[in-house]
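Quick note: numbers below take in every heavy atom, side chains included, and nothing from hydrogens, waters or symmetry partners.
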Amino acid sequence: MLTNIIVILVILFFARSIYRDFIANDNNPLANQAEASIVEGKFTPKSLAKYNGKDHPKIFISVKNRVFDVSQGAAFYGPGGPYENFAGRDASRGLALNSFDPVVLTPLDQPIDDLSNLSKLELESLEQWDEHFENRYKVVGTLHENGTVSEEVKGL
Ligand code: HEM
């Protein structure tokens, strides 16, 4: 009797591992479908702004003109989080200067920050943050100057 229970528990354990592998697997069509629906979005600073965890449940931020889905980091970027100012915004200059002060954010009606006046050290800092985001979050699109290329991310 006890042996039977142990055998069943072992089978359940392996079944769970296999299921988890399947969910994590790149070949999983369900995962790919979800991913496919959020790649290649083209944002403008204004269309990005709504992905701030308030106006929309997803949180996106832009770093060096790539848009990352940082919703998993809602504790950082969500309402009341320490870096909430970055939510829905181009965070590049803030990351370069190591500042989450709202004054480092480019106003939404201004051209995208070309970061041309950053020092070598600041650019290096930005580069490291860029790698951090790349390793941790998914890219869901790119940031563009005007609406002609703007296209909302499908399925969000
Ligand atoms: C008062 C000084 C600060 C403290 C104590 C602090 C603390 C932390 C801690 C504990 C983490 C989590 C690290 C991890 O789990 O990987 C973190 C992440 C982070 N911090 Fe700070 N921080 C400070 C200042 C700043 C400033 C000034 C910025 C402005 C750029 C900043 C931007 C970030 C970002 C972007 C993350 C990454 C969050 C993510 O992975 O999505 N921090 N910070």
Item to check | F60 and F43: CA distance, side-chain angles, deciding distance, side-chain contact (heavy atoms from CB on, under 4.5 Å) verdict | outcome: CA-CA 10 Å; F60 294 169; F43 297 86; 3.7 Å; yes
Checklist entry - So, R93 and E122, do they make that salt bridge, N to O below 4.0 Å? => result no
Next on the checklist: Can you give me the closest heavy-atom contact between A75 and P82, atom names plus distance?
Outcome noted: O-CD, 3.4 Å
Next on the checklist: Within the 4.5 Å heavy-atom criterion, are L115 and L126 side-chain neighbours or not?
Outcome noted: yes
Checklist entry - What's the spacing between S125 OG and L97 CG if we round to 0.5 Å? => result 8.0 Å
Checklist entry - Can you check whether F133's main-chain N or O pairs, donor with acceptor, with D130's side chain at less than 3.5 Å? => result no
Checklist outcome for this item: On a heavy-atom basis, the closest approach of P79 and E84 is CA-OE1, 3.5 Å
Next on the checklist: Do N65 and T142 make a side-chain contact, defined as non-hydrogen atoms from C-beta onward lying under 4.5 Å apart?
Outcome noted: no
Item to check | Check: N85 side chain, F100 main-chain N or O, donor-acceptor pair, under 3.5 Å | outcome: yes
Item to check | 4.5 Å side-chain heavy-atom contact, I59 and D69 | outcome: no
Checklist entry - Would D90 and S92 count as having a side-chain donor-acceptor pair, cut-off 3.5 Å? => result yes
Item to check | L108 with I61, same ILVMFWY side-chain cluster at under 4.5 Å | outcome: no
Checklist outcome for this item: Heavy atoms of K42 and S47 approach each other most closely as O-OG, 4.5 Å
Item to check | Contact check, side chains of I112 and L143, non-hydrogen atoms, under 4.5 Å | outcome: yes
Checklist entry - Any side-chain heavy-atom pair from L105 and F86 closer than 4.5 angstrom? => result yes
Next on the checklist: Does atom CD (Q72) have a neighbourhood of more than 12 heavy atoms from anything else shown, all under 6.0 Å?
Outcome noted: no
Checklist outcome for this item: Here the gap from K120 atom NZ to E127 atom CD, rounded to the nearest 0.5 Å, amounts to 11.5 Å
Item to check | From CA spacing to verdict: side-chain contact (heavy atoms from CB on, under 4.5 Å), V139, V67 | outcome: CA-CA 6 Å; V139 174; V67 176; 5.9 Å; no
Checklist entry - Which pair of non-hydrogen atoms, one from E145 and one from Q110, has the smallest distance, and what is that distance? => result OE2-O, 4.4 Å
Item to check | F68 ring center near Y137 ring center (under 6.0 Å) | outcome: no
Item to check | Any side-chain heavy-atom pair of R89 and S62 under 4.5 Å | outcome: no
Next on the checklist: Quick one, Y51 with K58, criterion side-chain contact (heavy atoms from CB on, under 4.5 Å). Give me CA distance, side-chain angles, the key distance, then yes/no.
Outcome noted: CA-CA 5 Å; Y51 296 97; K58 289 266 176 201; 4.0 Å; yes
Next on the checklist: Do F76 and V70 make a side-chain contact, defined as non-hydrogen atoms from C-beta onward lying under 4.5 Å apart?
Outcome noted: no
